[in-house]
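Here is how names work: the chains are called A, B, and so on, in the same order as the sequence lines, proteins then strands, and each is numbered from 1.
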Number of protein chains: 2
Amino acid sequence: MSGQSSLDKLIAILDLFTEDHLEWTPDALIKATGYARPTLYRYLKTMKEAGLLTSLPGAGLTLGPRVVEMDYLMRKSDPLVHHGRPYLEGLTATWPATALLVRWYGRRLLCIDSEVSTTNPLSSYPRGRPMPLARGAISRSIMAFLPRKTMMAMIEENLSDLNSIGLGATPPEIAESLKQVRKQGYAIAYGEVTPGVVGIAAPVFDAASTPIASLCMTIAGNLIASDKLDQISSRIRQCADEISDKLGRIRANDTEMAGGDVPLETADPKERKFT
Amino acid sequence: MSGQSSLDKLIAILDLFTEDHLEWTPDALIKATGYARPTLYRYLKTMKEAGLLTSLPGAGLTLGPRVVEMDYLMRKSDPLVHHGRPYLEGLTATWPATALLVRWYGRRLLCIDSEVSTTNPLSSYPRGRPMPLARGAISRSIMAFLPRKTMMAMIEENLSDLNSIGLGATPPEIAESLKQVRKQGYAIAYGEVTPGVVGIAAPVFDAASTPIASLCMTIAGNLIASDKLDQISSRIRQCADEISDKLGRIRANDTEMAGGDVPLETADPKERKFT
DNA sequence: CCCGAAATCTCTAATAATGAGACTTCTTGC
DNA sequence: GCAAGAAGTCTCATTATTAGAGATTTCGGG
């Protein structure tokens with residue numbers, strides 16, 4: 001079907017373990033993949049040894065411990081998680097809201113960490129939750145700061161989504177709207193991802209001033225007076241900027257940027273991870 | 001060196017991303033693996049497309065979004081996490097402690113979820129943290145309930161560790177000590193994993209009454225009066241039993257077991273996951 | 001102790017992986 | 001704006017690896 005090389009085949013097997021089918025028997029996999037029995041078992045053996053898969057006591061297979069460990073590794077040494085945490089806590093301490101940190105992977109937006117202070121949040125954003133690529137404040141807060149070329153490509157790819165939000169009809173129009181976001185330094189979205197919820201997001205930059213993530217806060221819509229919104233927004237932007245600074249961003253010609261002038265020591269390798 | 005098949009080579013690359021080296025450049029990988037440049041880049045391409053790796057803006061590679069998503073998948077549909085959470089919260093609400101749920105993967109013990117209620121816990125147990133296989137209450141609470149054969153094999157493999165804890169000098173002696181644990185239904189360890197911390201752990205069973213996990217609580221040693229310890233222990237055991245029941249365990253001839261007689265509906269496939 | 005299902009082994013044809021070196025990009029410096 | 005260097009990709013013949021049919025072993029119950 002799709003896979004040619006044996007690597008692709010391994011990946012294809014991994015691909016089968018999805019939300020609605022996280023448990024497979026070898027025979028089901030044989031049917032699904034079309035590989036011969038010995039072939040499939042060979043793959044399974046390798047994958048189980050690597051810990052990517054594990055066999056359930058009751059004769060089945062699932063994703064294995066290696067996955068959990070790798071995520072742990074990433075979390076543990078991700079400077080973004082590390083530096084972001086206090087801000088997530090700070091924000092949720094001030095307002096009854098959900099604060100989240102979302103990383104941009106080029107083709108995916110994934111929640112990396114979150115903190116909640118409302119008693120019953122309207123939706124949850126645990127680590128690993130994928131966010132829509134072209135809807136919501138998070139998306140825009142990042143798009144607006146991409147290199148023009150990348151940005152335009154992304155706009156083209158998600159044109160219909162961006163239309164329906166009302167950002168503009170044509171790519172240039174949309175780019176214009178994003179320019180606003182860029183100027184403000186944050187994006188606001190009303191119920192684009194979750195109805196009834198306002199999202200405010202500001203980008204986080206790495207040492208090379210590339211946007212790599214977004215700090216976002218979501219609040220139940222009826223709680224916000226418009227004057228408060230300004231206050232919240234600038235706080236979020238400030239937090240995002242501080243995180244960027246901690247990641248070692250070099251303040252280019254961004255004198256307009258808010259926030260203190262923390263002089264940064266040379267980036268320690270440990271700190272540079274993921275950036 | 002080690003890898004023969006291309007699958008093994010892929011895994012070998014993955015293996016290189018460790019705690020102390022989570023960021024690699026292609027050239028470093030070429031040196032580390034010994035593959036030719038086109039070969040390595042072929043691997044990288046596949047792995048990046050699969051999301052297992054991702055390239056950092058500043059020219060390097062790390063583990064990719066796929067890892068985070070897979071862990072999310074596992075967490076989201078893991079009935080153990082789902083059913084265990086309320087108990088973790090309940091336990092930490094009653095005592096100033098850390099409660100954790102640890103899954104047994106045959107060769108690894110990994111923390112799956114945890115909750116903390118002490119202000120400054122002596123050590124942390126986030127999801128994904130590996131636990132020692134043959135030390136501490138968790139380890140013993142599971143070992144004691146394994147089929148004899150498996151148990152003896154495990155004892156042999158970790159003899160020196162088990163010795164040093166004082167469980168016994170020879171395998172049969174150790175087995176005898178574990179019999180005690182089995183009778184009690186829980187294990188206690190004094191500072192075996194973290195000095196100054198007492199751990200109390202009880203096993204969690206799947207539908208087929210195979211031990212698959214352990215519910216554990218750790219408390220700073222000086223906080224415990226020995227009469228309280230009994231109380232805590234039986235509560236933990238009770239919680240673990242209730243979790244087992246929710247996972248669909250069939251109460252075999254375990255009339256001695258504590259806890260209510262919740263009659264269980266037939267295991268819904270969704271619930272059977274991971275068990 | 002024996003049965004059936006699950007997993008592994010054997011072995012050759014055929015297929016896919018390898019790597020030297022040429023060839024594109026893309027950066028970065030001047 | 002151009003040139004030099006680095007990073008990544010392509011081509012293609014050689015070679016080693018993978019696939020799969022079928023036999024064989026192992027395991028788990030009854």
Backbone of [Y] reached by a side-chain donor or acceptor of [X] within 3.5 Å:
X         : Y         : result
Thr210(B) : Asp206(B) : no
Trp24(B)  : Leu16(B)  : yes
Arg237(B) : Tyr186(B) : no

Just verifying a value: how many Å separate Leu167(A) CG and Arg140(A) CZ, rounded to the nearest 0.5 Å?
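Answer rounded to 0.5 Å: 5.0 Å.
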With the side chain counted from C-beta on, respond yes when Leu63(A) and Leu52(A) share a heavy-atom pair under 4.5 Å apart, and no when they do not.
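Counting from C-beta outward, Leu63(A) and Leu52(A) never come under 4.5 Å.
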If you measure only the distance, is there a donor-acceptor pair under 3.5 Å linking the side chains of Ser5(A) and Asp8(A)?
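Looking only at side-chain atoms, Asp8(A) and Ser5(A) do form a donor-acceptor pair, the distance falling under 3.5 Å.
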Got a sec, which residues hit ring pair (Phe, Tyr, Trp, His ring centres under 6.0 Å) with Tyr43(B), two or more places apart in sequence or on another chain?
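Ring pair (Phe, Tyr, Trp, His ring centres under 6.0 Å) check on Tyr43(B) returns Tyr35(B).
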Interatomic distance, [X] [atom1] vs [N] [atom2] [rounded to whole Å]:
X        : N      : atom1 : atom2 : value
Asp27(B) : dG8(D) : CG    : P     : 8 Å
Leu56(B) : dA7(D) : CG    : C1'   : 16 Å
Leu53(B) : dG8(D) : CG    : P     : 13 Å

Nucleotide by nucleotide, 5' to 3', does protein get under 4.0 Å of the base (B), only the sugar-phosphate (S), or neither (-) in nucleotides 19-25 of chain D, counting heavy atoms?
BBBB---
More 5' along DNA chain D: Tyr41(B) or Leu7(B), using each one's nearest nucleotide?
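In this pair, the answer is Tyr41(B).
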Do any side-chain atoms of residues 147-159 of chain A form donor-acceptor pairs under 3.5 angstrom with protein atoms, and if so which ones, sequence neighbours left out?
none

Angle between the end axes of the helix from dC1(C)-dG30(D) to dC30(C)-dG1(D), five pairs per end, to the nearest 10 degrees?
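Taking the rotation axis at each end, their angle is 70°.
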Do any pairs count as a ring-ring contact (aromatic ring centres under 6.0 Å, His included) and have a residue in residues 49-80 of chain A, sequence neighbours left out, and if so which ones?
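Those involving residues 49-80 of chain A do not exist here.
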Does anyone know the first and last nucleotide of DNA chain C in reach of chain A, 5' to 3', at under 4.0 angstrom to a heavy atom?
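Contact boundaries, 5' end first: dA6(C) to dA17(C).
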Would one find more than 12 heavy atoms of other residues, nucleotides or ligands at under 6.0 Å from atom CZ of Arg108(B)?
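Correct, the count exceeds 12.
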